[in-house]
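Since the structure comes first, as C-alpha cells, the remarks are kept for the end.
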Amino acid sequence: MGEQDSFIGKKTYSKIAFGEAYIIYQESHSIQPHRVKNIPEEIKILKKALEKAKNEIIKIKNSLENRAPYEIFAIFEMYELLIDDFFFQKEIEEEILKTGLNAPFILYSKTEERVVFFDKSEDPLVRKGGDDIRFVSDKIIFHLLKQNQEEKGLQDKILIAQKLSPLDLILYSYQGIKGIVLEEGDTTSHVAIVAHSMGLSYILGIPNITSKVKNGDTIVLDGFQGVIYKNPHQQKMSELIKKMQKQGELEQLFKNSNNEKQTTTIDNKPIIIQANLAIFEEISKLKALKPEGVGLFRTEFLFHEEHEIPSINRQVAKYIDIATAVPNSIPVTIRTFDFSADKTPFTLKHIEQHNPTIGLRGIRYAIYSNIFKEQFEALILASQKLSIKILIPMVSSITEVEYLKKVEAEILSQYNIEKKHKLGIMIEVPSSVYLINDIANLIDFLSFGTNDLMQFFLAADRGNHFINDLKNPLEPTFLRFLNFAVQEGLKNNLFTSICGEIASNPLLIPILVGMGFESISCSPFVIPEVKNIVSRLSFEECKRFKDNILKLKTPKEVEEEIYNFINANYPDISELLIK
Ligand code: PEP
Ligand code: MG
C-alpha cells in the first residue's frame with residue numbers, strides 16, 4: 001500500500017466512493033522537458049505507449065457498443081483512426097530525434113501547438129477536431145508516464161484531473177468511472193452539476209491533486225466532508241465503510257418512502273419536487289426516482305453529438321421525444337440554450353470575449369446568433385402536442401422580455417395556433433429580481449438559478465476555485481436577497497421554482513420551504529431524499545426558522561442553526577449530514 005494522506009476540498013454532499021486513482025495529465029507542470037540519455041529507447045517507449053493507447057481505445061469502443069448511444073461509440077471509432085495519423089505515428093518520433101527531449105513533453109507540447117490552430121477556427125468541425133487530438137494525446141501520455149501499469153480501463157476508477165469540461169465528463173461516465181476529483185471548479189461549475197446529476201461522487205477545488213496522487217493509489221472520496229483519502233489505513237477505512245453503510249441504509253429508507261403522491265409538508269403545503277436534467281439518456285433513471293416534473297432541462301448538452309444545431313423539425317422531434325419519454329407524463333420545463341464559457345458546443349462559432357460569463361451568453365448569445373428564434377419555434381410547436389414549459393435563461397432587462405413576447409406572438413400567428421405552453425424566465429441575474437413586478441403580466445413562471453444569481457450577487461466567479469470559500473450558499477446576505485426575490489414572485493402570483501444547486505443540498509431544504517418556493521427542482525439522485533425531508537417539515541415552522549436564519553450574520557452561525565434544526569426534526573439523518 002502506498003503512502004497515506006488526505007486532502008480537503010469543498011463539501012459536495014455526494015456519496016462516498018472507493019476506487020483506484022486514474023490521473024489525466026493535462027498541464028505542463030506535471031510534464032517537464034529533459035534530455036533523454038538513450039533516444040532509441042525513448043522511441044521504443046513511445047511506440048509501446050502508442051500501441052497500449054490504441055488497444056485501450058479499441059477496448060473502450062467495444063465496451064460502449066451496446067451501452068452508450070451510437071454517437072458516443074462513433075467518437076471512439078474516430079479516435080481509433082486518429083491514433084494512426086502521421087502526427088502521432090511519425091511527427092512525434094521525428095521531433096524526439098531532432099531535439100533529444102523526453103517523449104511525454106514532446107507529445108504534450110506538440111499537441112498544444114497543433115490544437116491552437118483548431119481552437120481558433122471558425123469552423124465547428126475543425127474546433128471539435130482539436131478536442132479529439134487532445135483526448136488521444138492524453139491517452140498516450142498516460143501510458144508514457146505509467147509504463148508498467150497494466151491497463152484495465154476506467155471501470156470503477158476515480159478520475160483525477162486538473163479540470164474537465166462537462167462534455168468530457170459525460171464521455172468518461174460512459175466508461176464506468178465512480179467519481180472525479182478536480183483541481184479547479186466549484187460545486188456550481190457545470191462539470192460539478194453534470195457529475196451530480198449522473199450520480200457520481202465528486203470533489204472539486206483541491207490544488208495540485210494530480211501531482212499528489214499516483215495512478216493506482218486507493219482513493220476514498222467523501223463528498224459529505226469534502227475530503228479525499230489516499231491509501232487510508234485500516235482504522236480510517238473501517239470508519240468510512242461504516243459511513244458508507246449508513247448512507248446505503250438511508251438511501252433505502254428514502255427509496256422505501258418514495259412514492260408518486262404529491263409531496264406536501266405535514267401542514268399540507270404542496271411542494272412540487274422536480275428533476276434537473278442535462279442529457280437525454282438521464283430520463284431513463286427517472287422512473288425509479290419518481291419526480292413530479294422536470295423543472296429544468298438544460299439543452300446545452302442535448303445535441304452534443306451533432307455537428308450543427310439541428311433544424312426546427314429535428315428539434316421539435318427531440319423535444320417531443322423528451323416529453324414522451326418522461327414517466328407518468330410529468331410536465332417538462334425545457335430551457336432554451338444557455339451557451340456560455342464552459343457550455344459552448346463545438347458547433348458554435350468561437351467568439352473571443354474578455355469575460356464570457358458576463359458577456360454574450362444565454363439569451364444574449366441566442367438572440368445575437370439567431371439560433372433563439374428557431375429553438376423557440378421548435379419548442380412552441382412541440383408544446384402544442386405535449387406538456388412543455390419554456391424557460392429562458394440569463395434575462396436581465398425588460399427589453400429581452402418584450403423581444404420574447406414579440407417573437408412568441410409572431411410564431412403563434414405564423415402557424416395560426418393558440419398558446420398552449422407556459423413561458424418562464426430564469427431569475428439568475430440580480431437585475432431580473434427588480435424586473436419581476438414589471439413583467440409579471442407577460443410571463444407565467446419563474447425559475448431561480450442560484451448558481452448564477454450567487455456568482456453575480458457576490459461578484460464571485462462560480463468556476464474559480466481560489467474564491468470557493470466566498471461562494472457559500474449559507475451566506476446570510478445572499479439568503480436575504482434570495483428571500484426578497486421569491487417574495488417578489490409570490491406577491492405577483494407567479495409560480496416560483498428553484499433549480500440552482502442549492503436546491504440539491506439537503507441542508508438548505510427547510511430554509512427554501514420557509515421562503516415559500518412552490519417547487520424544488522434538484523439533481524435526480526437526491527429526489528427521494530428531498531421528498532422525504534420536505535414531507536417531515538412544517539411550513540409554518542420553516543417560515544419561523546427562515547426568519548431567524550435571515551437575522552444571522554455569518555455562514556458559520558447559519559450552519560449551526562441548521563444543524564440544531566436538523567437534530568430536532570430528523571435526528572435519524574443528522575448523523576449523515578453533520579458528521
Ligand atoms: C443556475 O444558474 O442556477 C442554473 C440553474 O443554470 P446553470 O447552472 O445552467 O447556469
Ligand atoms: Mg444559470
Side-chain angles (χ1 to χ4, degrees), residues 261-265 267-277 291-298 322-323 326 328-336 338 363 376 379-380 382-383 386-395 398 400-401 404-405 408 418-429 432-453 481-500 502-504 508-509 511-522 527 530-531 534-535 537 539 542-543 546:
K261 277 209 310 247
Q262 152 87 74
T263 308
T264 58
T265 60
D267 44 357
N268 291 325
K269 160 136 172 86
I271 315 259
I272 302 173
I273 312 298
Q274 310 194 75
N276 289 348
L277 300 180
E292 296 157 35
V294 173
L296 169 65
F297 202 122
R298 292 179 169 92
I322 293 174
V326 293
N328 304 324
S329 313
I330 50 175
V332 179
T333 310
I334 300 186
R335 189 177 73 182
T336 56
D338 179 20
I363 182 69
F376 201 22
L379 284 165
I380 290 176
S383 70
L386 291 159
S387 171
I388 291 175
K389 295 170 155 187
I390 305 172
L391 178 59
I392 315 290
M394 282 296 290
V395 169
I398 194 155
E400 285 155 342
V401 182
L404 293 175
K405 292 305 288 180
E408 182 187 57
E418 296 282 314
K419 173 175 178 271
K420 287 205 177 150
H421 60 273
K422 294 225 182 303
L423 180 66
I425 64 161
M426 295 282 295
I427 297 295
E428 56 182 349
V429 179
S432 66
V433 171
Y434 298 91
L435 270 185
I436 298 175
N437 254 330
D438 297 336
I439 58 169
N441 58 340
L442 300 176
I443 54 166
D444 306 302
F445 69 98
L446 301 173
S447 188
F448 288 72
T450 46
N451 305 334
D452 278 316
L453 196 60
F481 180 56
L482 183 62
N483 182 55
F484 170 74
V486 191
Q487 305 320 317
E488 286 295 290
L490 294 171
K491 199 169 78 188
N492 282 290
N493 291 324
L494 288 167
F495 179 75
T496 55
S497 179
I498 179 161
C499 63
I502 68 171
S504 302
L508 268 298
I509 302 301
I511 300 179
L512 301 181
V513 170
M515 286 182 181
F517 279 106
E518 291 161 292
S519 159
I520 292 175
S521 190
C522 51
I527 288 170
V530 172
K531 283 170 111 182
V534 170
S535 56
L537 297 171
F539 177 48
C542 284
K543 278 202 279 192
K546 177 263 305 184

Contact between Glu518 and Leu490 at the side-chain level, heavy atoms closer than 4.5 Å - yes or no? yes

What's the verdict on side-chain contact (heavy atoms from CB on, under 4.5 Å) for Glu408 and Ile380, showing C-alpha distance, side-chain angles and the deciding distance? CA-CA 8 Å; Glu408 182 187 57; Ile380 290 176; 4.2 Å; yes

Identify the two heavy atoms, one from Gly449 and one from Met426, that lie closest to each other, and give their separation to 0.1 Å. CA-CE, 3.7 Å

Does the side chain of Met394 come within less than 4.5 Å of Glu400's, by heavy atoms? no

Should Phe481 and Leu453 count as side-chain neighbours, where that means a heavy-atom distance under 4.5 Å? yes

What's the separation between atom OG in Ser497 and atom CD1 in Ile273, rounded to the nearest 0.5 Å? 9.0 Å

Non-hydrogen atoms of Leu296 and Cys499 that approach each other most closely: CD2-SG, 4.0 Å

Would you sort out whether Ile502 and Phe448 count as a side-chain contact (heavy atoms from CB on, under 4.5 Å), showing the intermediate values? CA-CA 10 Å; Ile502 68 171; Phe448 288 72; over 6 Å; no

Hey, does the side chain of Asp452 reach the backbone of Glu428 with a donor-acceptor pair shorter than 3.5 angstrom? no

Rounding to 0.5 Å, atoms CG (Asn276) and OG1 (Thr333) come to a distance of 9.5 Å

Indicate whether any N or O donor in one side chain lies under 3.5 Å from an N or O acceptor in the other, for Glu488 and Asn492. no

Do the side chain of Ser519 and the main chain of Ile272 share a donor and acceptor less than 3.5 angstrom apart? yes

Looking at CG of Leu446 and CD1 of Ile439, how far apart are the two atoms once the value is rounded to the nearest 0.5 Å? 7.0 Å

With side-chain contact (heavy atoms from CB on, under 4.5 Å) as the criterion, how do Ser387 and Val332 come out once you've worked through the C-alpha distance, each side chain's angles and the decisive distance to 0.1 Å? CA-CA 7 Å; Ser387 171; Val332 179; over 6 Å; no

Check: Leu442 main-chain N/O paired with Lys405 side-chain donor or acceptor under 3.5 Å: yes

Counting C-beta onward and ignoring hydrogens, is there a side-chain heavy-atom pair between Ile388 and Phe297 closer than 4.5 Å? no

Nearest heavy-atom approach of Ile498 to Phe517 is CB-CE2, 3.6 Å

Using modelled atom types only, decide if a donor and an acceptor are shared between the side chain of Gln487 and the backbone of Met515 within a distance under 3.5 Å. yes

Separation between CD1 (Ile427) and CZ (Phe445), nearest 0.5 Å, reads 11.0 Å

Across all chains, not counting sequence neighbours, the salt bridge (charged side-chain N to carboxylate O under 4.0 Å, His left out) partners of Asp444 are Lys419

